[in-house]
Amino acid sequence: MAPHARLDHRNPFVFDTHELGRRPGALQRLTRTIDAPEDFGIKGVIGVPQGAPVELDLRLESVMEGVLVTGTARARAEGECVRCLEPVGQELEADFQELFSYPDADDRGRVIAEPGDDAEDDEDRFFIEDGLFDLESVLRDAVVLALPMQPVCQDDCAGLCSECGARLTDDPDHHHDAVDIRWAALQGLASSTRDGEKDEMSGADAEAGVDEKQEK
């Protein structure tokens with residue numbers, strides 16, 4: 001990712017490398033708890049709620065070409081079961097590692113006169129800007145990879161009844177009497193025939209009553 005707007009050190013995702021220095025082999029360990037930003041996870045499926053705490057454990061290592069950042073993010077993710085739509089919660093632990101390059105060095109640590117000349121190469125790289133680096137993009141990718149694409153409340157969740165929407169795990173014996181559509185059509189025809197016969201009988205009884213009155 002090529003350099004863009006200046007980074008703000010007040011941003012909780014921005015870290016300062018000045019104390020680490022540029023001497024290869026120097027190490028620094030950091031811990032920080034931040035509030036989860038909006039859409040921190042798989043949108044519409046599962047993610048860390050906005051404002052929920054995210055604990056970060058980071059290891060910063062100075063190398064020739066920049067700073068190698070290795071870390072773990074821990075938080076609680078929430079979503080809903082894809083089978084029964086019940087709420088789902090799980091502890092999230094996402095590991096990540098990324099190299100943040102010095103803007104005046106190529107991928108072999110060699111100083112270059114005009115950083116960013118090769119836009120295609122820079123597009124996939126992360127840079128240190130004025131001794132600062134922004135971890136948000138890396139962290140978002142790590143969280144998405146650590147989350148299930150199809151979360152379930154339990155591995156054997158039976159889902160919902162397709163007829164009435166009842167949760168089958170709560171009622172394993174739940175069922176509906178199945179009617180073969182071929183027999184249903186015959187039953188409908190038979191019912192219509194019976195109704196017709198009743199109408200004919202009622203009409204015949206009525207005519208008989210009229211004839212009886214005329215005879216009297």
Side-chain angles (χ1 to χ4, degrees), residues 1-2 4-5 7-17 28-61 67-100 123-127 129 132-181 184:
M1 182 173 62
H4 49 279
L7 298 180
D8 185 351
H9 69 277
R10 294 169 296 183
N11 184 331
F13 288 97
V14 172
F15 291 82
D16 193 331
T17 67
Q28 184 181 12
R29 295 186 181 277
L30 299 173
T31 59
R32 181 180 294 183
T33 300
I34 63 175
D35 294 337
E38 185 179 3
D39 296 331
F40 199 54
I42 305 174
K43 189 173 182 179
V45 180
I46 189 171
V48 181
Q50 184 175 4
V54 180
E55 298 179 359
L56 300 177
D57 290 328
L58 304 179
R59 177 180 182 270
L60 279 56
E61 180 181 0
V67 175
L68 182 65
V69 180
T70 306
T72 301
R74 297 181 181 86
R76 181 166 180 79
E78 297 178 1
E80 66 178 25
C81 177
V82 296
R83 297 178 187 171
C84 69
L85 308 182
E86 286 292 304
V88 172
Q90 71 172 63
E91 297 302 320
L92 166 71
E93 185 169 304
D95 297 323
F96 53 90
Q97 185 177 74
E98 189 62 58
L99 174 65
F100 289 83
E123 186 176 353
D124 297 327
R125 297 172 63 190
F126 295 89
F127 288 87
E129 304 172 27
L132 305 174
F133 67 86
D134 188 345
L135 194 61
E136 182 172 358
S137 181
V138 172
L139 195 54
R140 282 185 179 276
D141 290 345
V143 167
V144 169
L145 291 175
L147 288 171
M149 295 297 294
Q150 294 186 318
V152 292
C153 58
Q154 56 191 60
D155 292 339
D156 59 349
C157 176
L160 301 176
C161 173
S162 60
E163 295 288 334
C164 65
R167 188 167 183 263
L168 300 178
T169 303
D170 296 334
D171 184 8
D173 297 326
H174 179 86
H175 71 282
H176 295 271
D177 292 332
V179 177
D180 192 311
I181 59 175

Search all heavy atoms of [X] against all heavy atoms of [Y] and return the closest pair with its distance.
{"X": "Pro53", "Y": "Ala75", "answer": "O-CB, 3.6 Å"}
{"X": "Gln90", "Y": "Ile46", "answer": "OE1-CD1, 4.2 Å"}
{"X": "Leu92", "Y": "Ala146", "answer": "CD1-CB, 3.5 Å"}

Those residues that, when tested against [X], pass salt bridge (charged side-chain N to carboxylate O under 4.0 Å, His left out) (two or more places apart):
{"X": "Glu91", "result": "Arg76"}
{"X": "Glu136", "result": "Arg140"}
{"X": "Glu55", "result": "none"}
{"X": "Asp141", "result": "none"}

### Task
To the nearest 0.5 Å, tell me how far Asn11 CG sits from Leu132 CG.
10.0 Å
### Message
For the CG atom of Leu68 and the CG atom of Leu99, what is their distance to the nearest 0.5 Å?
### Response
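Interatomic distance, Leu68 CG to Leu99 CG, rounded to 0.5 Å: 6.0 Å.
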Any [X] side-chain heavy atom under 4.5 Å of [Y] side chain:
{"X": "Cys157", "Y": "Glu86", "answer": "no"}
{"X": "Met149", "Y": "Val45", "answer": "no"}
{"X": "Val152", "Y": "Val88", "answer": "no"}
{"X": "Leu135", "Y": "Phe96", "answer": "yes"}

### Message
How about CD on Gln154, more than 12 heavy atoms from neighbouring residues, nucleotides or ligands closer than 6.0 Å, or not?
### Response
yes
### Message
Applying side-chain contact (heavy atoms from CB on, under 4.5 Å) to Asp134 and Phe100, what does each step give before you reach the verdict?
### Response
CA-CA 9 Å; Asp134 188 345; Phe100 289 83; 5.8 Å; no
### Task
Kindly write out the residues that satisfy ring pair (Phe, Tyr, Trp, His ring centres under 6.0 Å) with Phe15, not counting sequence neighbours, or none if the list is empty.
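Scan of Phe15 (ring pair (Phe, Tyr, Trp, His ring centres under 6.0 Å), adjacent residues dropped) gives Phe133.
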Please tabulate, for the side chains in residues 28-37, all donor-acceptor contacts under 3.5 angstrom to protein atoms that are two or more places apart in sequence or on a different chain.
from  : atom 1 : to    : atom 2 : distance (Å)
Arg32 : NH1    : Pro12 : O      : 2.7
Arg32 : NH1    : Val14 : O      : 3.1

### Task
Given side-chain contact (heavy atoms from CB on, under 4.5 Å), test Val143 with Val54 step by step and report yes or no.
CA-CA 11 Å; Val143 167; Val54 180; over 6 Å; no
